[in-house]
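A short worksheet on the structure shown next.
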Amino acid sequence: MDSSFDPHAIETPLYEEWETADYFAPSGNGPGYCILIPPPNVTGTLHMGHAFNQTLMDTLVRYKRMKGCRTLWQMGTDHAGIATQMLVERQLAEAGKTRHELGRDDFIEKVWEWREQSGGTIARQIRRMGGSLDWSRDRFTMDDGYAEAVLTVFERLYDEGLIYKGSRLVNWDPALGTAISDLEVENNEEQGHLWHFHYPLLDGLQTGDGTTHLTVATTRPETMLGDTAVAVHPDDERYAHLVGGFVNLPLVDRRIPIIADEYVDREFGTGCVKITPAHDFNDNEVGARHDLPLINIFTAEASINDNAPEKYRGLTREDARKAVVADLDGLGLLGEVKDHKLMVPRGDRSDAIIEPLLTDQWFVKIGPLAEPAIAAVENGDIQFVPKQYENTYFAWMRDIQDWCISRQQWWGHQIPAFYDDAGNVYVAADEAAARVKYNLDAGVTLTQDPDVLETWFSSALWPFATLGWPEETPELEQFLPSNTLITGHDIIFFWVARMIMMTLHFTGKIPFNTVYVHGLVKDAEGHKMSKTRGNGLDPLDFIDGIDLDSLVTKRTTNLTQPQLAPRIEKATRKDFPDGIPAYGTDALRFTFCALATTGRDVRFDLNRIEGYRNFCNKLWNASKFAFMNTEDFDPSAARELTLIDRWLRSKLHTLIKDVEYALDTYRFDIFAARIYDFAWREYCDWYVELAKPLLWDANLSAAEKQGIRLTLLEVLEALLRITHPVMPFITETIWHPVAEKLGRNKDTIMLQAYPEQREFQADEQAEVQVEWLKAVITGIRNIRGEANLKPNQELDVLLDGGDDADRERATAMAPMLKRLANVTAINWLEAGSEVPAHALSLVGDLKVMVPLAGLIDVAAETARLDKQLEQLRKDLERIDKKLGNESFVSKAPVEVVDKERAKRADLEERVATLENQLAELKALE
RNA sequence: GGGUGUUUAGCUCAGUUGGGAGAGCGACGGCCUUACAAGCCGUAGGUCGCAGGUUCGACCCCUGCAACACCCACCA
């Protein structure tokens, strides 16, 4: 083995070995266990969220595989319609071209080319993370087989009346030129204005105070060009007499009615609302109730169209706004203009302001699909961890709206609907099938719907389409439902809910039993990582390291808002003054597990990963120690387990139970913490250190030394198996030589059985004894430390008090005690002899005394004991108060009261001893 | 406007059924002790967000409030 841990030397070659040996494919005859990867975008790159998500999945997958399950981690990628199309369009734009110049077929060809070129990136990155996915079953949502599933689903839903086409107000992204679903709209509060406009009353009408106009307020002045009414509340006396009358819509010179509708809030503004049914979801409903005309004034790019007065045509919505306000002002019809905060809807991909626009779109009638999906969670077939997400799910599902699935885009599954010249619709997988299905002769010309399906429509089929559906495959039989879905809470609606609906509808099975929802990865300040913010981190940079300048360049290139670059650079130079060191994959994975506490977002903290990189090094060095002390080790030689061996094995016995419980309950943080604690504290700090003096002790029998060497190796070997799911590379590397020494099978640790409790025996007595030993050693170390004695300053120790057990232990453990506390001689105080001035430590009834002998300063020792005494007195006081409380004694359970009494007695004795000791010290001053 | 989560040591976070507040990192002091200075030994840090309530007893249960984060929602 190399002298120190170097992740790069081991990781990549090891992964290639695993993959070549086909260790990732399902094997064995155990129970099936399946996890589906949330398919990353095929042309994307790995971000921290992926790395976190995949670490948790791989940890579980490796654990289950070692537990003997026939385990499948299903790999696949998503065609990511809008995201990918945007990317390729941007590339075209750099070459000065548009997709329209290219034409649909050539453009799609270009996207496939891009996929060929960049599709391997994310796969390579996932491999670097150590993910044990079954690459042989890799699926892509645009594969032929997958496409067949998508078309089949569409057709069946259409035939069942669950997909329909309709003309509706939808969320329109004018930058992308497509409709998007409600979920793809992000509403954020932004600063805007509230403009008040005066609409002149017609036919001589007046308000109560003689005003000849109605004043309406709006945050969107330009939409007034499409107003078709003014509404007031039906019970509003101020305007009751005007209902049924008319106002003149300025600039447009249109006569529009004054209507009464409950929708209006009398308290807000003037109590009068302009109604624009074609450009506002609320107004649209009002318009429908009052049979108002819909006047669409926007083009697909959100410029003013020909339905508006000539003057405004062709203006962008921003310019139109300015013009409308200026013109009304010129007419004296502009009232107050106030600052106003409002929710602005923006497209999640384009960041463009979303326009409600009347268009023809395809919808999924979602109610009938939602019902069984709600039931599946209600009745516990599907469980969310943490459970509170079930409420989030229910809330959304119970109020779910029909799903707009058509996109005016080119990259994606083209909608399998065909139209004849008369506009009749025929739905089938392809044109030929449509002709057969609808009995159309060759004379009928058919044109396919140009739109594509939104990406989430196809990813909703992931649980069964990846396993071969609509064919009936053995994989469907074995791996549906899958076991655990691991995902962030940001895609519960987008993906999880829709998978549940679709899978239930088409297979009659639930897609998965458990949904484990983890938090999102935030930066050290708790902010969401994003390209725009420039605070994103590349997981590969933690593995390989990156220098500061490269990191700055990475974060500031290709920004959507280049003006932010200086700020991002400054922040980056401040947060990462030395760039990022190479920590290796294992350290990164361990960090993710350690931070994966339930129901909480994770702040990625550089200090944590550094600590866990150090932990890797610790493991590496511990194994070096084990090897150095087991040269010529013969696993079959006679051995006898010593006390510390029995103690360590007993600790391991408990560890195995704890890690199993942790993983079974998705407590990755506890899993990591227990491993860390056992490996570092128990194995390294105590066992190895205790073993040293024994291995070097001439009085110890060969069998006992063999017992120690065996334990050194066996416990390490088991620890490596326990740790392997989270740190696959270092454990595999170290495991081989260990297993070899133990004479075991040595293909790969990946396929070894996960440790079971029965491999290591519990031994309560050994634990008690070693705890005693640790207490004595710690006591002496405390004296040494507080008295500022050099470690190489040898000490003698005198023991007094205690019982027979103490005497036996002191004799038996003398070598360990001497070395770990750096003590030369241990003697018992002879009865009747004089007690020298000493520093004191108490272990139960046993007095551990270190004679001052000119080494220890009386004042320092006094201070040390004072500190201890003060703490003891505080404890005593608290207990006295408790026991002095009549209600406590009478009402608390007897065992609790007894416990307090015992504690009190013990404390009292210790206090007395220390007081005594302090008095003696005082006499020395 | 509705909902969810969070608030514990300087920082990041644990704390299972109510019964003596924990870890890692950082800080401080001492050590190159023959696996490891990416290390070893020791020490110091907390009215558990605030205010009430239930209880013999509350970080834990209940009520209210505050701050922060996120989700949902049509207030012009």
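These figures come from a predicted structure and were not determined experimentally. In what follows, chains are A, B, ... by sequence order, proteins preceding strands, each numbered from 1.
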Under 4.0 Å, counting only non-hydrogen atoms across every strand here, what does A/K867 touch: a base, just sugar-phosphate, or nothing? sugar-phosphate
Given atom CG of A/D227 and atom P of B/rA76, what is their separation to the nearest angstrom? 15 Å
Once you round it to whole Å, what is the distance between C1' of B/rA37 and CD of A/E610? 13 Å
Ignoring backbone atoms, establish whether A/K618 has a side-chain N or O less than 4.0 Å from OP1 or OP2 of B/rC40. yes
So, do A/Y612 and A/F590 have ring centers that fall under 6.0 Å from each other? yes
Shortest side-chain distance from A/S887, nucleotide among B/rC56, B/rG20, B/rC41: B/rC56
Between A/F625 and A/K522, name the one whose nearest nucleotide on RNA chain B is closer to the 5' end. A/F625
Taking the same atom, C1', in B/rC61 and in B/rC36, what whole-Å distance lies between them? 48 Å
With a 4.5 Å cut-off on side-chain heavy atoms, are A/V521 and A/M529 touching? yes
Answer yes or no: are there more than 12 heavy-atom neighbours, outside A/F281 itself, under 6.0 Å from its atom CZ? yes
Reckon A/R613 touches a base, only the sugar-phosphate, or nothing at all at heavy-atom distances under 4.0 Å? base
Roughly how many Å apart are B/rG45 and B/rG1, using the C1' atom of each and rounding to a whole number? 44 Å
To the nearest angstrom, how far is A/D669 atom CG from B/rU12 atom C1'? 12 Å
Would you indicate what A/A395 reaches in the nucleic acid, counting non-hydrogen atoms under 4.0 angstrom: base, sugar-phosphate, or nothing? nothing
Can you pull every protein N or O that's under 3.5 Å from an N or O on nucleotides 72-75 of chain B?
{"unit_1": "B/rC74", "atom_1": "O4'", "unit_2": "A/N282", "atom_2": "ND2", "d": "3.4"}
{"unit_1": "B/rC74", "atom_1": "O2'", "unit_2": "A/N282", "atom_2": "ND2", "d": "2.7"}
{"unit_1": "B/rC74", "atom_1": "N1", "unit_2": "A/N282", "atom_2": "OD1", "d": "3.0"}
{"unit_1": "B/rC74", "atom_1": "O2", "unit_2": "A/N282", "atom_2": "OD1", "d": "2.9"}
{"unit_1": "B/rC75", "atom_1": "N3", "unit_2": "A/D265", "atom_2": "OD2", "d": "2.8"}
{"unit_1": "B/rC75", "atom_1": "N4", "unit_2": "A/D265", "atom_2": "OD2", "d": "3.4"}

Please list each protein N or O that sits under 3.5 Å from an N or O in nucleotides 27-34 of chain B, with the distance.
{"unit_1": "B/rG30", "atom_1": "O3'", "unit_2": "A/K790", "atom_2": "NZ", "d": "3.3"}
{"unit_1": "B/rC31", "atom_1": "OP1", "unit_2": "A/K790", "atom_2": "NZ", "d": "2.7"}

Mark yes when over 12 heavy atoms from residues, nucleotides or ligands other than A/K774 sit less than 6.0 Å from its NZ; otherwise mark no. yes
Using the C1' atom in both, what is the distance from B/rG64 to B/rC75, to the nearest Å? 29 Å
How far, in whole Å, is B/rC72 from B/rA21 if one measures between their C1' atoms? 38 Å
Can you tell me how far C1' of B/rG20 sits from CZ of A/R901, to the nearest Å? 17 Å
Expressed as a whole number of angstroms, how long is the span from A/I777:CD1 to B/rC40:C1'? 14 Å
Under 4.0 Å from OP1 or OP2 of B/rU43: is there any side-chain N or O of A/N782 that close? yes
Could you tell me how far B/rC71 sits from B/rG26 if I compare only their P atoms? Round to whole Å. 34 Å
Below 4.0 angstrom from OP1 or OP2 of B/rA76, is there any side-chain N or O of A/K274? no
Test item: side-chain donor near acceptor, A/N885 and A/K882, under 3.5 Å: no
CG of A/D261 versus P of B/rA76: gap in Å, rounded? 17 Å
B/rG10 and B/rG52, which share atom name C1', separated by this distance in whole Å: 31 Å
Filtered N/O pairs between nucleotides 23-25 of chain B and protein, under 3.5 Å:
{"unit_1": "B/rG24", "atom_1": "OP1", "unit_2": "A/R681", "atom_2": "NH1", "d": "3.2"}
{"unit_1": "B/rG24", "atom_1": "O3'", "unit_2": "A/Y676", "atom_2": "OH", "d": "3.4"}

Pairs flagged by side-chain hydrogen bond (donor to acceptor under 3.5 Å, both in side chains) wherever residues 783-792 of chain A is involved - sequence neighbours left out: A/E786-A/K867
Ignoring hydrogens and geometry beyond distance, is a side-chain donor-acceptor pair present between A/Q871 and A/D875 at under 3.5 Å? yes
Please state the P separation for the pair B/rA44 and B/rG3 - nearest whole angstrom. 47 Å
Is it true that A/N284 and A/R168 share a donor-acceptor pair across their side chains at a distance under 3.5 Å? no
Out of curiosity, A/T711 OG1 to A/Y683 OH, how far, rounded to the nearest 0.5 Å? 9.0 Å
Contact class for A/P893 (heavy atom, under 4.0 Å): base, sugar-phosphate, or nothing? base
Given B/rA14, B/rA38, B/rG20, the nucleotide with the shortest approach to the side chain of A/R667: B/rA14
Charged N to carboxylate O under 4.0 angstrom, A/R873 versus A/E870? no
Between B/rA76, B/rC56, B/rC41, which nucleotide has the shortest distance from any of its atoms to the side chain of A/D685? B/rC41
Could you check which of B/rA35, B/rG39, B/rG20 has an atom nearest any side-chain atom of A/N614? B/rG39
Does the side chain of A/T219 get closer than 4.0 angstrom to OP1 or OP2 of B/rA76 through an N or O atom? no
Take the angle between the ring planes of A/H340 and A/F268 and call it parallel below 30°, perpendicular above 60°, tilted in between. perpendicular
What form does the base of B/rG57 take, syn (within 90° of 0) or anti? anti
Rounded to the Å, how far apart are A/E886 CD and B/rG57 P? 13 Å
Suppose you measure atom P in B/rU63 against the same atom in B/rA9; what distance do you get, rounded to whole Å? 25 Å
For this output row, return yes or no: ring centroids of A/F542 and A/F604 closer than 6.0 angstrom. yes
Measuring to OP1 and OP2 of B/rA14, would you say a side-chain N or O of A/R600 lies under 4.0 angstrom away? yes
Between B/rA38 atom P and A/L588 atom CG, what is the distance in whole Å? 21 Å
Answer with base, sugar-phosphate or nothing: what part of the nucleic acid does A/T392 contact at a heavy-atom distance below 4.0 Å? nothing
Salt bridge present between A/D586 and A/R589 (N-O < 4.0 angstrom): no
Hey, where does RNA chain B pair up into stems, meaning at least three consecutive Watson-Crick or G-U pairs with distances under 3.5 Å? B:1-7 with B:66-72, B:10-13 with B:22-25, B:27-31 with B:39-43, B:49-53 with B:61-65
Which residues pass the side-chain hydrogen bond (donor to acceptor under 3.5 Å, both in side chains) test with A/R266, sequence neighbours left out? none
Please step through side chain to side chain contact (heavy atoms under 4.5 Å, CB included) for the pair A/D880 and A/R904, ending with a clear verdict. CA-CA 8 Å; A/D880 274 341; A/R904 188 186 184 287; 2.4 Å; yes
For A/Y666 and A/Y516, take the angle between the two ring planes, folded into 0 to 90°, and tell me which bin it lands in: parallel under 30, tilted 30 to 60, perpendicular over 60. parallel
Across the strands shown, which category fits A/V688 at heavy-atom distances under 4.0 angstrom: base, sugar-phosphate, nothing? base
Quick one: is B/rA35 close enough that its OP1 or OP2 comes under 4.0 Å of any side-chain N or O from A/K624? no
Nearest atoms (heavy-atom pairs only) where A/V517 meets A/P386: O-CD, 3.5 Å
